[in-house]
*Asks:* 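Have a look at this one.
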Amino acid sequence: MIFKQQNFLSLYIVAFLLISVILILRVYNLNFDQLWWDEIIAFYTADPTLSFSQTVSRNFELELSPPTFNLLLKFFFKIFGYHTYVGRYLSVIAGFLTCIIISLIVYDLTKRNFAYFLLSLLLSGINITLIGTSQEMRLYSFLILVVTALIYFFNKLVNEKDLKIKKYYLIFFLTFAIFSVLIQPFTISLLCVSVIYILSFNRQNIKEFRLFLLSTLFSFIPIFVYYYFIYLNQIDTSLYPDSLGQIINFKFLTNLYFSKFFGSRLMGLIYLLILILLIFLNRKIIFKLNNFVFYLLLIIVITYLIPIVYGFIFKPILIVRYVLFVLVPILIFIPSQIYFIQNHLIKKFFLVIIMISTSLNLLTEQSFKQFFFQRPIFKPDFYSAFKIISQSDENNFTFSTKDRNSKHFLNIEKALNNFSNIYAAENDFEIKYISSKDLENIKSKNIWLICTYEINFQCEDELMNNKTKLVKEISLNRLNLKLLNIN
């Protein structure tokens, strides 16, 4: 008895340490990199002083995504203040909760085996993609959390025997399902998979799931109304690039974005091979009726299949961020299926390979190396640029663009102006943003031109003509600063 208590105590200590590592990896140096381009747009759109209609209008001027996340971000700013980096903490919270819920699902699927709860904490907690999305003020970390919660409640729903409790799980499931689709339309594949799973593998209990099927059917109505009558009428189609996704080729089919999900080509190959081998080894278990793991496999297959088929019929739309949420069922499937391997030697082999490779991969990533070495800057170094401008004799600046009169840049310029003013005030920089409209009336002969690689890699600008003299040029991280004499 004493031995068991000591063993449980050791497991709880390991759990506490893993949870601490998960938080530290997400919070440490969270604000080292300044906002990148998409974050600046989200920051501008989620201004808490705006009305609901103004927020939605700003979103559709600059975003292809629905305004759902930016409305939530706006509410977060209202509570915690409208400051440059505050929004990233929403992603941190979402990322942390995702790891916990993924591990709870694995815990349920492995017959409440706490060791596999810990394994899942490790694999999800140090996954480089989940760490990365947790440190960006974008929708992806929150979307992954919503998808994880959806899967969690669907698992509870299909396994619950008490009809009253089942109804509560149904409410939570539908809430997160609709919410996920309103954040990103591609998650509608989860609703479709849920219906397919119930119809195909619960025929003997179909009466129990009549309410589920009817409720799910009705949930498609508000989704259809929103996207067909509101989203398609509001979205600025000029924001769509000519090529929205990659063409399906041999490289993709042998990788399925696993290299992006797990940090490298080698790690992606390891996880993909483990997934395939687990499907083969546990095929008798996976393809049994009412096996929830088959539901996870359906999500993985259909999530990839929908954009692939669409791309063949119309045009490519397959982009990694559109299928990023498929990482959740993968991270649930792998540890839960390792548990069911009958051969102990093979099981230990899989455990050793996946734990060692995942841990060693973390050692090569900046998320770990930043504790021992100077972390490189990956995003535009606005801090250094604004500081140089503030300390110079000329405090006026503008951002570069190929076409200053385009509708799109005039909208982008508002976001840049908003970010610049707030960030400069927070750091006591005395700088003044000059919009394209005000350039003609500027009294000063000199102006700083900020060229960011996100906006314009070539730094081509109509200001840089034969009449313009380049006074000074400074290269910073992912940013070029030019002092121009424009008279």
Side-chain angles (χ1 to χ4, degrees), residues 3-4 7-8 10-15 17-19 21-22 25 99-100 102-131 151 155 253-288 291-301 304 326-365 367-368:
F3 173 77
K4 287 185 177 180
N7 191 37
F8 276 118
S10 299
L11 289 174
Y12 287 132
I13 291 172
V14 173
L17 291 175
L18 283 173
I19 289 171
V21 168
I22 290 170
L25 288 174
C99 297
I100 300 298
I102 285 175
S103 302
L104 288 174
I105 298 171
V106 171
Y107 180 65
D108 281 345
L109 295 179
T110 55
K111 301 177 181 179
R112 298 183 176 274
N113 189 306
F114 197 71
Y116 281 84
F117 173 84
L118 297 178
L119 173 64
S120 184
L121 272 181
L122 174 69
L123 299 183
S124 60
I126 65 175
N127 177 270
I128 199 63
T129 296
L130 293 185
I131 294 173
I151 294 173
N155 178 42
L253 293 174
T254 57
N255 184 264
L256 299 175
Y257 290 138
F258 273 52
S259 59
K260 296 184 182 295
F261 293 159
F262 298 101
S264 68
R265 184 76 177 176
L266 176 61
M267 283 304 301
L269 183 62
I270 290 172
Y271 269 84
L272 184 58
L273 285 175
I274 288 175
L275 179 68
I276 294 170
L277 288 172
L278 287 173
I279 293 171
F280 175 76
L281 291 172
N282 292 343
R283 60 192 181 278
K284 292 182 180 180
I285 298 173
I286 293 171
F287 294 99
K288 270 187 178 181
N291 193 324
F292 185 77
V293 177
F294 188 77
Y295 170 72
L296 301 175
L297 192 59
L298 273 176
I299 294 176
I300 296 169
V301 172
Y304 281 112
V326 81
L327 181 59
V328 175
I330 292 170
L331 287 173
I332 297 171
F333 185 94
I334 288 176
S336 65
Q337 287 311 289
I338 291 176
Y339 170 81
F340 284 103
I341 294 176
Q342 298 300 314
N343 188 301
H344 290 291
L345 286 177
I346 296 176
K347 179 184 288 189
K348 287 180 180 179
F349 172 77
F350 276 107
L351 288 171
V352 170
I353 290 295
I354 200 164
M355 286 193 293
I356 291 180
S357 62
T358 304
S359 300
L360 289 177
N361 180 68
L362 180 67
L363 302 183
T364 67
E365 299 288 346
S367 299
F368 177 81

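Predicted model only: the values in this text are computed from it and were never measured. Starting from 1, each residue takes its place in the sequence as its number. FYI, side chains are in, hydrogens and waters are out, and symmetry mates aren't considered; it's all heavy atoms of this structure.
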*Asks:* Between CD1 of I285 and CD1 of I279, what distance do you get to the nearest 0.5 Å?
*Replies:*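 Between I285 CD1 and I279 CD1, I get 13.0 Å after rounding to 0.5 Å.
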*Asks:* Are any of the side-chain heavy atoms of N155 and I151 separated by less than 4.5 Å?
*Replies:*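 With C-beta onward as the side chain, the pair stays apart.
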*Asks:* Say you draw a straight line from CD1 of I341 to CZ of F350; how long is it, rounded to the nearest 0.5 Å?
*Replies:*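 Separation between the atoms: 5.0 Å.
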*Asks:* Set out, in order, the CA-CA distance, both residues' side-chain angles and the distance that settles side chain to side chain contact (heavy atoms under 4.5 Å, CB included) for N127 and F262, then state yes or no.
*Replies:* CA-CA 6 Å; N127 177 270; F262 298 101; 3.3 Å; yes
*Asks:* Apply the test side chain to side chain contact (heavy atoms under 4.5 Å, CB included) to residues I330 and F258: give CA-CA distance (whole Å), side-chain angles for both, the deciding distance (0.1 Å), then the verdict.
*Replies:* CA-CA 10 Å; I330 292 170; F258 273 52; 3.5 Å; yes
*Asks:* Is there side-chain contact between N361 and L266, with heavy atoms separated by less than 4.5 Å?
*Replies:*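 Sidechains of L266 and N361: no contact.
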*Asks:* Of all heavy-atom pairs between L296 and P329, which one has the smallest distance, and what is that distance?
*Replies:*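 Residues L296 and P329, closest heavy atoms: O-CB, 3.9 Å.
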*Asks:* Using side-chain heavy atoms (C-beta onward) and a distance below 4.5 Å, is S359 in contact with I126?
*Replies:*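 S359 reaches I126 side chain to side chain.
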*Asks:* Looking at S259 and R265, would you say the former's side chain and the latter's main chain have a donor-acceptor pair under 3.5 Å?
*Replies:*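 Side chain of S259 to backbone of R265: no pair is present.
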*Asks:* Taking it one step at a time, do I270 and I274 satisfy side chain to side chain contact (heavy atoms under 4.5 Å, CB included)?
*Replies:* CA-CA 6 Å; I270 290 172; I274 288 175; 3.8 Å; yes
*Asks:* Do I128 and F368 make a side-chain contact, defined as non-hydrogen atoms from C-beta onward lying under 4.5 Å apart?
*Replies:*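 No - every pair of side-chain heavy atoms lies 4.5 Å or more apart.
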*Asks:* Using side-chain heavy atoms (C-beta onward) and a distance below 4.5 Å, is F340 in contact with I286?
*Replies:*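 F340 does not reach I286 side chain to side chain.
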*Asks:* Please report the shortest heavy-atom distance between S124 and S103, naming the atom on each side.
*Replies:*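 So the minimum-distance heavy-atom pair works out to OG-OG, 4.2 Å.
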*Asks:* For the atom pair CE (M267) and CG (L362), what is the distance rounded to the nearest 0.5 Å?
*Replies:*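 Here the rounded value is 10.0 Å.
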*Asks:* Got a second to check how far N282's CG is from Q342's CD, nearest 0.5 Å?
*Replies:*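 Going from CG on N282 over to CD on Q342, the span is 8.0 Å.
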*Asks:* Is there a donor-acceptor contact under 3.5 Å linking the side chains of T358 and Y271?
*Replies:*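 Checked: T358/Y271 side chains pair up, N/O donor to acceptor below 3.5 Å.
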*Asks:* Please state whether the rings of Y107 and F114 are parallel, tilted or perpendicular, taking 30° and 60° as the class boundaries.
*Replies:*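 Plane angle over 60°, so perpendicular.
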*Asks:* What's the shortest heavy-atom distance between P335 and L119, and which atoms?
*Replies:*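 Looking at all heavy atoms of both residues, the closest pair is CB-CD2, 3.8 Å.
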*Asks:* Assess whether side chain to side chain contact (heavy atoms under 4.5 Å, CB included) is satisfied between N343 and F349, documenting all intermediate values.
*Replies:* CA-CA 10 Å; N343 188 301; F349 172 77; over 6 Å; no
*Asks:* Under a 4.5 Å cut-off applied to non-hydrogen side-chain atoms, are K111 and Y116 in contact?
*Replies:*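 Side-chain contact under 4.5 Å: no.
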*Asks:* To the closest 0.5 Å, what do you measure between CD1 (I105) and CZ (F333)?
*Replies:*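 Taking CD1 in I105 and CZ in F333, the distance rounds to 14.5 Å.
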*Asks:* Would you name the heavy atoms of L281 and I346 that are closest together and state the gap between them?
*Replies:*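 Closest approach of L281 to I346, heavy atoms only: CD1-CG2, 4.1 Å.
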*Asks:* Mind checking whether V328 and I102 have side chains closer than 4.5 Å, heavy atoms only?
*Replies:*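 Yes. Closest side-chain heavy atoms under 4.5 Å.
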*Asks:* Which heavy atom in S336 sits nearest to a heavy atom in V106, and how many Å separate them?
*Replies:*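 Scanning both residues completely, I find the closest heavy atoms to be N-CG1, 4.3 Å.
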*Asks:* What's the separation between atom CZ in F117 and atom OG1 in T110, rounded to the nearest 0.5 Å?
*Replies:*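 That separation rounds to 10.5 Å.
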*Asks:* To check you understand the geometry: which heavy-atom pair defines the closest contact between Y304 and L256, and what is its length?
*Replies:*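 Minimum heavy-atom contact is OH-O, 2.6 Å.
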